[in-house]
Amino acid sequence: MAELWQRTLKDALTDVDELAERFNIDPQSLTPVVERYPLQISRQVLELIEAPGDPVWRQFIPDPHELAEVGLVDPLGEENLSPVPSVVHRYPDRALFLVSGSCASYCRFCTRKRRVGCAGSSPSFRELREGIDYIAATPQIRDVLFSGGDPLLLPDAILGDLLNRIHQIDHVDIIRIGSRVPLTLPERITPQLCQLLRKFTPLYLNTHFNHPRELTIEAVNACNLLADHGIVLGNQTVLLKGVNDNPAVIQELFFKLLKMRVRPYYLHQMDLVRGGEHFRTSLATGLEIMASLRGPISGLASPHYVIDLPGGKGKVPLLPEAISVQRGATLIRMASGEMVDYPDL
Ligand SMILES: *Cc1c(COP(=O)(O)O)cnc(C)c1O
Ligand code: SF4
């Protein structure tokens, strides 16, 4: 029998006409967007929208701007860093294991817009097996990040089997899971799931909250249950224009996360993904927000502000001294000293 969360998920909004009717908007302008990048919004997220254009709306409602032909289809150059289709291996000691191709709700700014939610994006059993074999055969990897899509959309039996196989590999010391279900499908965080996850200690789970309004009672309860089972919680926030690009919103978000036992880990500069340009902010905005945290808010609530450089060059902390402007062009200094051109706004 399907579990409650599976039934809730089936009830998610995927139909443009229903969306248009609900908010009294024109379905015609959205149909081509949704044909290219799928629409799915869980009921929990839908209920959080108070008015068109608000911070939740902006993240989840399709927008004709997504069809702009600017930006990169694969902004982080992940396809070139995939030894097998289900693994992205950029740093020697850690690798992404892409175990799921779908999410409970699709964020319009997603870095993996090119594939998440699209036909054929869910890894086959063979691809998952190849991923496990690659990780088992690569002794430098000691930290495996389950990602996707959303790993927690896998049923307990499959997720448990994958975790078990990775956990059994001698050289893997740490497992991490990246998931947005504490917001988008909080029912998924069941006591059974938490009991399953606790077997794989040390297990880190990174949530993804972008606005204080997302910290619903259900989300708080889901995080509490995870934390009570010994799962260490962190959060990744994406800096998004018109959603959270101001100091007061970010301060409130990070402080409230800390109260929920979720440590702000990364604040991501929006990457150059095609179809997400309308979400991008300038580096100055991010730096100003980071500066506003120093002093008013505990260091525990101050994440690293990072950019994932285009072309697979990796994450760089955006400290003021790493950024320079020469003849109108913005350059970012990597740890290696290499200077990389960045099309700042
Ligand atoms: C972000 C990322 C990681 C994890 O990096 P941390 O800084 O350790 O969180 C690993 N692999 C890839 C490809 C990544 O993009
Ligand atoms: S939850 Fe993560 S992977 Fe899924 S659509 Fe949102 S950003 Fe992309």
Side-chain angles (χ1 to χ4, degrees), residues 9 12 37-42 44-45 56 58-62 66 74-83 86-118 121-122 131 135 138 140-154 173-185 188 204-210 214 232 234-240 243 263-271 273 275-276 279 303-317 335:
L9 190 57
Y37 304 114
L39 164 70
Q40 177 158 299
I41 312 175
S42 61
Q44 290 87 346
V45 169
V56 181
R58 300 237 335 135
Q59 292 181 69
F60 295 100
I61 304 290
E66 291 171 49
D74 176 15
L76 311 184
E78 292 182 325
E79 310 285 349
N80 289 332
L81 296 163
S82 287
S86 60
V87 171
V88 181
H89 192 190
R90 179 200 288 148
Y91 305 107
D93 77 320
R94 50 211 196 275
L96 305 184
F97 187 20
L98 306 179
V99 298
S100 161
S102 53
C103 300
S105 299
Y106 292 122
C107 313
R108 309 314 301 180
F109 53 85
C110 181
T111 296
R112 300 202 186 102
K113 242 174 132 57
R114 67 183 183 280
R115 53 187 280 178
V116 168
C118 301
S121 67
S122 288
I135 292 165
T138 313
Q140 315 84 288
I141 299 176
R142 56 182 177 186
D143 180 354
V144 176
L145 287 79
F146 281 58
S147 184
D150 201 313
L152 296 188
L153 286 204
L154 295 176
D173 294 326
I174 292 171
I175 296 179
R176 297 193 245 174
I177 296 177
S179 174
R180 212 176 183 190
V181 301
L183 163 68
T184 56
L185 192 66
R188 175 65 185 104
Y204 290 77
L205 191 144
N206 269 329
T207 60
H208 175 178
F209 292 103
N210 290 332
E214 296 165 17
V232 187
N235 182 71
Q236 311 206 151
T237 292
V238 184
L239 185 57
L240 298 166
V243 174
R263 257 197 87 173
Y265 174 50
Y266 278 146
L267 175 66
H268 289 275
Q269 173 68 10
M270 173 74 202
D271 55 41
V273 64
F279 285 108
H304 302 279
Y305 174 36
V306 293
I307 186 166
D308 221 319
L309 290 171
K313 287 184 184 283
K315 290 187 187 67
V316 176

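Atoms within a ligand are numbered from 1 in the order they appear, just like the ligands themselves. As the structure is a computational prediction, the values presented were derived from the model and not from experiment.
In this structure Phe60 satisfies the ring-ring contact (aromatic ring centres under 6.0 Å, His included) test with no other residue, sequence neighbours excluded. By the ring-ring contact (aromatic ring centres under 6.0 Å, His included) test, Phe109 is found to be paired with His208, Phe279, residues two or more places apart in sequence or in another chain being considered.
Considering every non-hydrogen atom in both Ser179 and Asp150, the closest pair reads OG-OD1, 2.8 Å.
One finds a salt bridge joining Arg142 and Asp93 here, because a Lys/Arg side-chain nitrogen approaches an Asp/Glu carboxylate oxygen to under 4.0 Å. A salt bridge between Arg115 and Asp74 is absent, with no side-chain N of the basic residue lying under 4.0 Å from a carboxylate O of the acidic one. Ion pairing between a basic and an acidic side chain is recognised when a charged N comes within 4.0 Å of a carboxylate O; Arg90 and Glu78 show no such pairing.
For ligand 1, the 4.0 Å heavy-atom shell contains residues Val88, Arg90, Tyr91, Arg94, Leu96, Leu145, Arg176, Tyr265, Tyr266, Asp308, Lys315.
In terms of modelled atom types and a separation under 3.5 Å, the side chain of Glu66 and the main chain of Gly276 share no donor-acceptor contact. Judged by distance alone, the side chain of Gln40 and the main-chain N or O of Ala104 form a donor-acceptor pair under 3.5 Å. The main-chain N or O of Val273 is never found under 3.5 Å from a side-chain atom of Arg114 such that the two would form a donor-acceptor pair.
If you look at atom 4 (Fe) of ligand 2, the protein N, O or S atoms less than 2.8 Å from it are Cys103 SG.
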